[in-house]
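In what follows, a single structure is set out as structure tokens and then discussed.
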Amino acid sequence: GSHEGPAKLQKQSQPGNMNVNVEQPGKFERFVAESDLMKDDENGQKASEVESNLKDVGDEEESLRNIGTPNMEVISTRIEALEKQIANLNAQLVIQQRLTNFTKTFPPVKFRDERTRKRILITGGCGFVGSHLVDKLMADGHEVLALDNYFTGRKRNVEHWIGHPNFELVHHDVVNPYFVEVDQIYHLASPASPPHYMYNPVKTIKTNTIGTINMLGLAKRVKATMLLASTSEIYGDPEVHPQPEEYWGHVNTIGPRSCYDEGKRVAESLMVAYHKQENVSIRIARIFNTFGPRMHMNDGRVVSNFIIQALQKQPITIYGDGGQTRSFQYVSDLVEGLIALMESDSFIPVNLGNPEEHTIRHFAEIIRDLVDSESQIVHMDAQPDDPHQRKPDIRRADKLLKWKPKVSMREGLQKTIEYFRGQLASGGRLDHTPKRPRNSLPGVRPPQGGVVVSKPLFVVKPDNGRANPPSRGDGYDSFDDDDIRPGPSEYIKTQQQELTQIPDSQPKCNTPRRRQDESDSKVSHLVSCQLLKNRLHNEQREKEKVERQRNELSAQLMKADREKREEIDRVKKAYEAKIQTMDNTIRELRFDESRVDITIASQMHAEDPDTIDCTALEPRMRFASPAVHSKKATAVPQRSGPELFKAQRNAMAAMNNLNSAKPIIKQKLAQTGPERLQQRINANAAAAAMKAQSPPAKRPPMQPQSVLNVSKPQHAATTHYDNAKPQQDFMLDSQTQQHHHRVTFQLPPEASGEMASPVTTTSAPVKQCVKKKRKKPILKSRSDVKTLLACLKIRKNPRVLNFANICPQKGAILLQKVTEITEVEWTEVPEEEAQGEESNDSTNSKCRKDSKDPKKLVNEKKNKP
Ligand SMILES: O=C(O)[C@H]1O[C@H](OP(=O)(O)OP(=O)(O)OC[C@H]2O[C@@H](n3ccc(=O)[nH]c3=O)[C@H](O)[C@@H]2O)[C@H](O)[C@@H](O)[C@@H]1O
């Protein structure tokens, strides 16, 4: 029956499936039309109803399979796969999150509330000192605004803060006014390396004077405290050693360094003037030689030059005899000193430097040793106006700020060497080849030796003919017209005029070579800025891309998770349905058992077994009861003694049958546990597989109708088993044998093989069957009981049994049951009648009481109202 659908199974399992069609023969057609079970059981071995019941259980399993109950292993494998997939996606998500956060991760920042958090402006915030100051103040939890024109500063010095809510980077030249509300201003903007500040001395002066005025104006307006990064250079070539703050200095006002020295001296003067006149809160730091990471490789100062020369095993170049002295401080000490000064209330200048003094010759040897380099030390011409000695007197800083440098020179040098080593190893964006100074630089003396002048930051030729806007930083002369900014073309014209006006004493300044170099440098600077912008833009895009990928992965993860949950739900539901079905099966079997009990009890206690009132029972049980139709049952008239006796005897026989059914049902109930069910499922699956492999068994032709007609019991029972084809007809004959009638079947030749087994057992009495321990006892299931009870009913009133939906095998079995029941009844049939019928049979060779064609019989029944 594995080809049947669940709907058919459901129909089969309905209790009223085998209808006792008493007074509605018109329904016969409908039964025929619905006779799905006619197709059932092409497999003869399964004719037994026990097996058919087993099959029911198997079919339940099949119906489960139809709703998607899969093999547990398959499900768990699927779930495992999904879990693996989810773990995979999780791992990917973590990686993507790390990638995403990589650009977002900032160094740790202290939390400050509104009262203690300050807004701090740092001019030159992208420079060597400025960027370290940014780091320190950011880490301390302040809001930092870094201003830079990127002349010597580099965005990459502060790129780790870009995007931080406390940090802001503004491309601005302090020569132009800038308006912002801040609490403190660190004014660091100015080139500081001699080659850099000598490169454009006018700009250097403007930055230090106009830039300082602009910042002091801002400080005045917003009442901010302003710190000026002054320099030890204001002492010039000092005649006092070490240099205290009280020393006025020794500066050549027209020397090559004067643009810087005098610029810073004016800046100090401006600070004091604004303090006295405008009551601006000021701080002046006189910074001595400082070194550390983030120095530009092309800085040109002694520390970077010597370290790179040593690392590259090139000659270490000392200007002059090397007897000049310097005192070098590490950048972190300077930053602490600057902050300490800002936080103090000292408006007088304070020296910030490390008093550890060395000659440049000794310094070169120290670096060569620290680098473990084989570089030679070579001497070149001395620098003009190069201070011969320099050492800070830091007593004031100690007294006012409680500040002293902490990092020794060697310790600081180690860190700086590592930094430059890393820079060189990473390809060092700039190749450093210190060159002799160009003669043409204005303000720089004609070469007398090896002054190291840095190359332009990025030497990139302009790829278009357009004139580039000014990049030397002095786009206009602030003194003349603060509000009018000339356009690029006018600017170029002005520059050219300026250049042609340079006196003949410096003729080389006018050469095309000089202008070209200058232009290259400006362009390269612009290009470097642009490259940086592009890089940041690309990074931003990359970040967005990663973000997108992350979102996609999240969506995938959610989808997989949802699928998993759905799968689990589905399996759960399927198993719940399976359990439900098992429960139902067990309940039904229990129900059968109790029904049998009830029936037996009814039979035993009823005076007339046929008049039991079953109205209180539910319909299924009512059907099982002998009083199938309670109305009719109660309407049965009082019977005579023999009739009653006959009925009681029949009831006893029925009771015996029922008793024999009970243990079988119990046994079956015990068998219908979950394990047993699983076994059956497996067996069914195997059988189905076998069946699929073997060629389909040849089925008998479809039998649209089969009618069992049991007539009045006084006469010999005449039954038509009507197949569509006349040759399949057979007659039921009865003979008296010893004390009871015997019934024989004549089966159609093609069915006889399949039905041999049930037919041969028909004539044996019930008790005998049990005694012989037949493998297939007659009463085994509720349908047996139903059949029996139906037959009991038939005995009382002749009826037409409709077996339209019963297959031939089952029909045969049913006939057998009828025979067994009628056997009891027919013992009282008068001998003559039986013999008369026998003679009839002998003449006709077949018992044919109403010798009508079966089809005619059907038609007659249909025509009855
Ligand atoms: O770093 C600093 O704090 C100071 O550096 C410079 O002052 P300077 O001492 O001239 O700095 P360097 O260029 O490093 O020169 C130091 C000494 O080393 C010598 N030197 C430099 C470079 C070189 O390759 N070889 C060499 O012998 C110089 O001639 C000089 O005597 C600036 O002028 C100051 O503004 C700044 O404050």
Side-chain angles (χ1 to χ4, degrees), residues 124 127-129 152 188 190-199 201 204 207-208 228-238 243 251 255-265 267 285-292 295-310 314-331 333-334 337-338 351-354 357-368 375 377-392 412 416 432-437 445 448-454:
F128 160 54
V129 176
T152 55
L188 274 54
S190 173
S193 162
H196 289 168
Y197 65 64
M198 287 183 210
Y199 172 71
T204 304
T207 304
N208 281 298
L228 171 72
S230 187
T231 172
S232 59
E233 294 251 359
I234 62 112
Y235 299 121
D237 188 7
Q243 295 80 46
V251 176
R257 307 171 80 109
S258 67
C259 62
Y260 185 67
D261 296 3
E262 292 297 348
K264 287 292 185 188
R265 286 170 77 95
R286 288 183 181 154
I287 302 168
F288 284 65
N289 296 59
T290 308
F291 69 97
M295 282 184 103
H296 204 290
M297 296 217 304
N298 278 6
D299 184 273
R301 275 178 283 190
V302 69
V303 180
S304 54
N305 275 10
F306 282 8
I307 291 175
I308 288 166
Q309 285 164 345
Q314 289 178 352
I316 295 173
T317 56
I318 293 177
Y319 305 150
D321 63 359
Q324 67 271 38
T325 66
R326 291 293 186 273
S327 309
F328 296 98
Q329 73 173 330
Y330 190 65
V331 66
D333 284 336
L334 171 62
L338 289 173
N351 287 341
L352 292 176
N354 191 326
E357 187 183 12
H358 296 275
T359 63
I360 294 301
R361 200 186 312 116
H362 185 220
F363 187 64
E365 285 164 2
I366 291 171
I367 287 182
R368 192 176 59 178
S375 290
I377 292 175
V378 296
H379 290 266
M380 303 176 85
D381 291 341
Q383 288 264 325
D385 291 354
D386 193 4
H388 290 96
Q389 54 182 359
R390 192 184 281 167
K391 176 185 176 179
T416 313
H432 175 83
T433 44
K435 285 179 182 171
R436 290 179 154 273
R445 278 190 193 164
Q448 297 168 359
V451 178
V452 175
V453 177
S454 63

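All heavy atoms count here, side chains included; hydrogens, waters and symmetry mates do not. Numbering of ligands and ligand atoms starts at 1, following listing order. What you are looking at is a predicted structure, and each value in this text was computed from that prediction instead of being measured.
- Ligand 1 has no N or O atom lying under 3.5 Å from any N or O atom of V303, backbone or side chain.
- Listed by number with element, the atoms of ligand 1 under 4.0 angstrom from any heavy atom of R390 are 7 (O), 8 (P), 9 (O).
- Among R301, H196, E233, the residue whose heavy atom sits closest to atom 12 (P) of ligand 1 is R301.
- At a cut-off of 3.5 Å, with distance as the only test, no side-chain donor of E357 or S327 sits close to an acceptor on the other residue.
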Determine whether V129 and L338 satisfy the following criterion, side chain to side chain contact (heavy atoms under 4.5 Å, CB included), listing intermediate values before the conclusion.
CA-CA 10 Å; V129 176; L338 289 173; 4.1 Å; yes

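- Set against the non-hydrogen atoms of Y260, the atoms of ligand 1 under 4.0 Å away are 34 (C), 35 (O).
- Near N305, the atoms of ligand 1 lying under 4.0 angstrom from a non-hydrogen atom of the residue are 22 (C), 23 (C), 24 (O).
- Tested against Y260 for a side-chain contact (heavy atoms from CB on, under 4.5 Å), the candidates S193, S190, P201 yield a single pass: S190.
- At least one heavy atom of F306 sits under 4.0 Å from some atom of ligand 1.
- Residue contacts with ligand 1, taken as heavy atom pairs separated by less than 4.0 Å, involve F288 solely via the backbone atoms N, CA, C and O.
- The distance criterion of under 3.5 Å between nitrogen or oxygen atoms is not met by Q309 with respect to ligand 1.
- Salt bridge present: E233 and R257 bring a charged side-chain N and a carboxylate O closer than 4.0 Å.
- In this view, H388 satisfies the ring-ring contact (aromatic ring centres under 6.0 Å, His included) rule with no residue, not counting sequence neighbours.
- For ligand 1, the atoms lying closer than 4.0 Å to a non-hydrogen atom of Q383 are 29 (O).
- Y235 and N351 share a donor-acceptor pair across their side chains, judged by distance under 3.5 Å alone.
- Checking side-chain atoms of Q309 against main-chain N and O of T317 turns up a donor-acceptor pair under 3.5 Å.
- Among T317, I377, T231, V302, the residue whose heavy atom lies closest to atom 25 (N) of ligand 1 is T317.
- Looking at M380 against ligand 1, nothing comes within 4.0 Å, counting heavy atoms.
- Considering only non-hydrogen atoms, atom 11 (O) of ligand 1 lies nearest to N289 out of V129, N289, T325.
- Distance CG/N289 to CZ/F363: 8.5 Å, rounded to 0.5 Å.
- If you number the atoms of ligand 1 from 1 as listed, the ones under 4.0 Å from a heavy atom of Y197 come out as 33 (O).
- Not counting sequence neighbours, the partners of F291 by the ring-ring contact (aromatic ring centres under 6.0 Å, His included) test are Y330.
- The aromatic rings of H296 and H196 lie perpendicular to each other, with more than 60° between the two planes, well past the 30° mark.
- Using a 4.0 Å cut-off to heavy atoms of I318, the atoms of ligand 1 that qualify are 27 (O).
- Residue contacts with ligand 1 include R257, since one or more of its heavy atoms lies under 4.0 Å from the ligand.
- Every atom of ligand 1 is numbered from 1 in the order shown, and the set under 4.0 Å from a heavy atom of A192 is 32 (C), 33 (O), 34 (C), 35 (O).
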